[in-house]
Amino acid sequence: MTDTVTADPIDEFVRGHDFKLLIDGEMRSADDGTTMTSVDPSTGDVVAHVPSASAADVARAYDAAAAAQPAWEGLGVDGRAAVFARFAEAIEANEVRLATLDAIDGGLPLAAALIDIKISLANIRDWPTLVRWHGGRTIPASPGNLHYTSHRPYGVVGKILAYNHPAMFAITRMLAALIAGNAVILKPAPQVPLSALALGEIARDVFPAGVFNVLSGGAEAGDAIVTHPGIKRIGFTGSVATGLKIQQRAATSGVKHVSLELGGKNPMVVFPDADLDLAVEAAVNGMNFGVCAGQSCGSNSRNYIHSEIYEQFVGRVAERLEAMRVAPAYAEAVDMGPVVTREHYDRVMSFVRSGTDEGARLVTGGERPNGSTPDGGFFVRPTLFADVSPSMRIGREEIFGPVMSMAPWKDEREVIALANDTELGLTASVWTRDLDTAHQVADQLQAGYVWVNDTGRHYWGTPFGGAKNSGLGKEESIEEYESYMEQKAVHVILHRKAR
Ligand code: NAD
């Protein structure tokens, strides 16, 4: 059963609602009473004030999590699976509420936000089954000896999140840690606290007190999680700059296991024999305009199109972008919502200016929509630059917005060098009907996740994570589960009789 869509989403789900931190099974204000604002990017209006956690709140959440974790681990997979089943039911009953909150403060079109919740639900249901099949190893050794490995949770895990899929990240990125028997302290991004705090309310009635804690806040709360000496495992999703800081700061309070899901400047390489219809569609879909206004780590923001089909490709993608309806995230007819904040809008626009200043060809977009959106909202039309070179800012830096670039190529070796000419290596995509070329190029592209004749799609079960400066560690797979446990080797003497 699900709740129902409402006519006035802010009135229904936000106004008059007291959003609180979840610590030790209780909904609490921040220890020092500090709050921060939640802003609707479709209008620019402040819609709520929510707690901004401090180091004192992190310390309290840690104590609760550390106290609750042994019993949670003691439940075993069966016990935790039963809690996950109840959690899935509770999320399903609140799916419209969670999705609407993401539309309100994250700017995700409601339909896309609902898909995020459906994906999260499938994940909650998948994890217990997956981990039942997970085992350790036995290692053949000398006669009379048995070596085996076992896995134990770290204890308390800190999860710090980026803003682009608020509810989906808040749900899916703590599941592996929890099913492995850890307790979790989760900090959503400060731009999008609403769905994570609502998730806290939902989880309070499902998880034992202290097992799952939600703290909205900014860098101070994040740093307190990273530097807490008891938190040995940190899972981070966000920018490269913050990821690098986190690695440094984590090391100030002990040896820590840090996984980093960071940014991308992802190439899509199209050969002249590619299926053009599919490739054009995938170039547009892979940018995730319709999901989160292009604010996606895995977007194919750099597109290298063979010169024989280049102008045609540019024209067809531009046509698709021009047809997109940019509107408030909870409007009925919307293909793309706003970017997340005024600050980010200004940043995206500064990239647009630098593109034209540095000589790229602005094919479409690069401006606010004409009259169709509220004046205060942070809207940018889907934007396409052609003739982008790697020396331009828009050709090198992650924009994390609805801006894609294209450039023509003729020589295969040159285009692979171009595609790899970046510090980042999250995703890449190659388009051709030639099997040899496909495998050869996939092999040479320096990225953690490569699509052949596709973009954007995540297959849960396949490890997702960056190469180069795009990250450390894998998620969405059994590798993620293993990364939330320490491996122990046990050596057993079975007997001492000589053969
Ligand atoms: P960000 O780095 O600004 O913030 C991410 C989180 O880190 C936020 O919760 C923030 O409060 C927290 N934080 C900031 N400073 C901190 C500090 N000193 N110590 C601890 N925590 C701190 O990133 P963002 O703007 O929210 O997200 C956009 C970035 O995230 C992009 O680069 C994007 O590519 C990346 N991203 C990567 C993935 C992935 O799976 N690889 C997914 C989504 C987003």
Side-chain angles (χ1 to χ4, degrees), residues 36 41 50 52-55 58 105-108 116 158-170 172-173 185-193 196-197 214-228 231 234-253 256 258-266 287-288 291-301 339-341 343-345 347-348 397-401 422-427 447-449 456 458 460 462-477 480:
M36 57 188 193
V50 304
S52 179
S54 67
V58 171
D105 71 355
L108 277 71
D116 274 8
K159 295 288 304 183
I160 299 171
L161 302 178
Y163 68 78
N164 51 328
H165 290 279
M168 186 172 87
F169 283 168
T172 60
R173 302 219 161 175
I185 299 174
L186 178 94
K187 192 194 86 58
Q191 302 90 334
V192 290
L197 294 174
V214 184
L215 274 63
S216 49
E220 183 196 340
D223 187 65
I225 291 172
V226 170
T227 54
H228 194 293
I231 300 177
I234 295 144
F236 173 73
T237 306
S239 63
V240 176
T242 310
L244 289 170
K245 259 188 229 162
I246 283 177
Q247 273 192 314
Q248 284 187 332
R249 293 288 292 156
T252 60
S253 59
K256 308 251 177 130
V258 178
S259 57
L260 303 171
E261 286 286 352
L262 308 178
K265 188 73 181 171
N266 310 302
M287 273 298 295
N288 294 301
V291 185
C292 39
Q295 299 162 112
S296 171
C297 55
S299 292
N300 47 293
S301 50
V339 299
V340 72
T341 57
E343 189 191 13
H344 193 52
Y345 170 86
R347 186 171 175 275
V348 170
E397 294 177 32
E398 184 187 37
I399 301 173
F400 209 59
T422 164
E423 295 289 303
L424 301 176
L426 189 56
T427 71
Y449 203 112
H458 289 218
W460 294 78
T462 304
F464 186 88
K468 296 160 88 175
N469 276 2
S470 284
L472 194 61
K474 301 292 174 189
E475 297 195 328
E476 304 176 8
S477 57
E480 179 181 4

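Order of listing sets the numbers, starting from 1, for every ligand and every atom in it.
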Nearest non-hydrogen atom to [atom] belongs to which of [options]?
| atom | options | answer |
| --- | --- | --- |
| atom 28 (C) of ligand 1 | Phe464, Phe236, Tyr449, Phe400 | Phe400 |
| atom 32 (O) of ligand 1 | Gln295, Glu398, Glu476 | Glu398 |
| atom 35 (C) of ligand 1 | Ala162, Gly218, Gly238 | Gly238 |

What is the closest protein heavy atom to [atom], and at what distance does it sit?
| atom | answer |
| --- | --- |
| atom 16 (C) of ligand 1 | Thr242 CG2, 3.4 Å |
| atom 24 (P) of ligand 1 | Tyr163 CD2, 3.8 Å |
| atom 38 (C) of ligand 1 | Cys297 SG, 3.1 Å |

Just heavy atoms, cut-off under 4.0 Å: does [X] contact ligand 1 by side chain, backbone, both, or neither?
| X | answer |
| --- | --- |
| Ala241 | neither |
| Leu161 | backbone |
| Glu220 | neither |
| Leu262 | backbone |
| Thr237 | both |
| Glu475 | neither |

If you measure every N/O of Lys245 against every N/O of ligand 1, is any gap under 3.5 Å? no
For Gln191 and ligand 1, does the shortest N/O to N/O distance drop below 3.5 Å?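 By distance alone, the answer is no.
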I would like to know whether Lys474 and Glu261 meet salt bridge (charged side-chain N to carboxylate O under 4.0 Å, His left out); could you show each step before the answer? CA-CA 8 Å; Lys474 301 292 174 189; Glu261 286 286 352; over 6 Å; no
Any Ala189 heavy atom less than 4.0 Å from ligand 1: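 Contact check Ala189 vs ligand 1: positive.
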Would you please determine whether Pro190 falls within less than 4.0 Å of ligand 1 on a heavy-atom basis? yes
Counting from 1 in the order shown, the ligand 1 atoms closer than 4.0 Å to a non-hydrogen atom of Arg173 are 40 (O)
